[in-house]
Amino acid sequence: MMSQAVVDAVRILQDRTRKARDNYELERIDRALDEILRNPMNITPAKAQVKSAWGHAYTVLEKRKALTRPQPIEEMFAHPQVEEFGYAQTEMICWISSELGFKDAERSLLIDLALGHDCEILAQRDGLPVQRVREHISRSRKRARGLKANLFLTA
């Protein structure tokens with residue numbers, strides 16, 4: 001059960017919702033409605049209730065704005081705020097594994113490098129001179145850079 005004054009105040013705010021121009025105004029209306037509906041038996045005149053709730057909603061939203069610095073959405077996705085450990089490595093391995101432009105030997109070598117193996121370990125494992133492995137690494141990285149550049153040009 002609600003008093004007639006509360007019903008009238010809700011109607012006033014609902015009318016404002018239909019005329020709202022942006023999300024800020026809708027958020028403010030929502031907060032004002034919450035405040036009015038917290039006391040459904042309030043007999044204060046509707047216009048006074050709306051005026052009071054509207055002012056309190058403004059105060060709450062301004063405090064929220066002061067706590068957070070607005071940031072364009074492009075900035076939010078350009079540089080991750082928190083990077084999970086191993087995320088870049090996992091992304092690199094996924095790209096290498098799915099890229100069709102690599103030969104099998106290049107793919108295997110690049111995945112080993114992404115996993116943190118160095119050329120001395122790879123040379124010893126494969127029974128090759130270190131200089132030869134360095135050449136393979138250089139060629140594989142060059143191909144990867146070319147494929148990565150083509151990826152951005154076609155996207």
Side-chain angles (χ1 to χ4, degrees), residues 6 9-40 49-155:
V6 170
V10 168
R11 282 193 184 129
I12 291 169
L13 288 171
Q14 286 175 339
D15 287 341
R16 283 191 186 181
T17 302
R18 289 186 202 98
K19 299 172 189 171
R21 297 177 306 267
D22 57 18
N23 284 339
Y24 177 83
E25 194 170 356
L26 288 171
E27 179 72 20
R28 194 168 170 190
I29 292 167
D30 187 49
R31 290 202 160 270
L33 281 167
D34 286 345
E35 183 173 328
I36 289 170
L37 293 173
R38 271 190 220 116
N39 188 0
Q49 287 185 48
V50 170
K51 183 177 181 182
S52 174
W54 191 250
H56 291 148
Y58 172 81
T59 303
V60 169
L61 293 177
E62 289 303 309
K63 284 181 183 176
R64 182 189 300 164
K65 262 201 293 188
L67 292 173
T68 60
R69 180 183 63 88
Q71 186 176 18
I73 195 151
E74 295 84 18
E75 281 184 26
M76 291 170 60
F77 294 107
H79 307 287
Q81 299 296 319
V82 178
E83 189 170 310
E84 189 175 325
F85 178 74
Y87 179 79
Q89 180 186 34
T90 303
E91 284 289 305
M92 182 62 72
I93 292 170
C94 285
W95 177 72
I96 293 167
S97 299
S98 64
E99 178 59 54
L100 300 175
F102 291 122
K103 297 175 186 167
D104 288 339
E106 291 171 331
R107 185 182 322 278
S108 176
L109 179 61
L110 289 169
I111 288 174
D112 287 338
L113 292 171
L115 290 172
H117 301 175
D118 62 4
C119 65
E120 288 82 13
I121 291 173
L122 296 174
Q124 186 178 20
R125 181 192 71 187
D126 296 339
L128 296 171
V130 174
Q131 186 57 36
R132 174 68 48 91
V133 173
R134 285 189 178 131
E135 291 169 3
H136 289 289
I137 290 171
S138 177
R139 289 183 186 128
S140 297
R141 285 180 173 166
K142 182 177 181 180
R143 181 181 294 263
R145 282 190 296 272
L147 290 170
K148 197 76 157 177
N150 289 340
L151 177 71
F152 289 116
L153 291 175
T154 59

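- Side-chain N or O atoms of R143 include one that pairs as donor or acceptor with a backbone N or O of G101 at under 3.5 Å.
- The two residues E99 and R107 make their nearest non-hydrogen contact at O-NH1, 2.8 Å.
- No side-chain heavy atom of V6 sits under 4.5 Å from any side-chain heavy atom of N39.
- Atom OG1 of T17 sits about 6.5 Å away from atom CD of Q14, to the nearest 0.5 Å.
- Rounded to the nearest 0.5 Å, atoms NZ (K65) and CG (L61) are 8.0 Å apart.
- Screening residues 109-147 for ring-ring contact (aromatic ring centres under 6.0 Å, His included) gives no qualifying pairs among residues at least two apart or on separate chains.
- Side-chain N or O atoms of E106 include none that pairs as donor or acceptor with a backbone N or O of F102 at under 3.5 Å.
- Proximity of a side-chain donor or acceptor of R28 to a complementary backbone N or O of W54 within less than 3.5 Å is detected.
- The shortest distance between side-chain heavy atoms of D22 and E25 falls below 4.5 Å.
- For Y24, the side-chain hydrogen bond (donor to acceptor under 3.5 Å, both in side chains) partners are E62, not counting sequence neighbours.
- Residues D34 and R31 are not paired through a salt bridge, judged by the lack of any N-O separation under 4.0 Å between the basic side chain and the carboxylate.
- In this structure, the separation between CG on L147 and CG on L110 is 9.5 Å, given to the nearest 0.5 Å.
- Between Q49 atom CD and L13 atom CG the span is 9.5 Å, to the nearest 0.5 Å.
- Nearest approach of I137 to C119, heavy atoms of both residues: CD1-CB, 3.6 Å.
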Only distances under 3.5 Å count here; give the side-chain donor-acceptor pairs of residues 120-135 to other protein atoms, sequence neighbours excluded, each with its distance to 0.1 Å.
residue, atom, partner, partner atom, Å
E120, OE2, R134, NH2, 3.2
R125, NH1, D112, OD2, 3.0
R125, NH2, D112, OD2, 2.9

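- Minimum interatomic distance between A32 and A53 (heavy atoms only, all atoms of both residues): O-CB, 3.6 Å.
- Rounded to the nearest 0.5 angstrom, M92 CE and S97 OG are separated by 11.5 Å.
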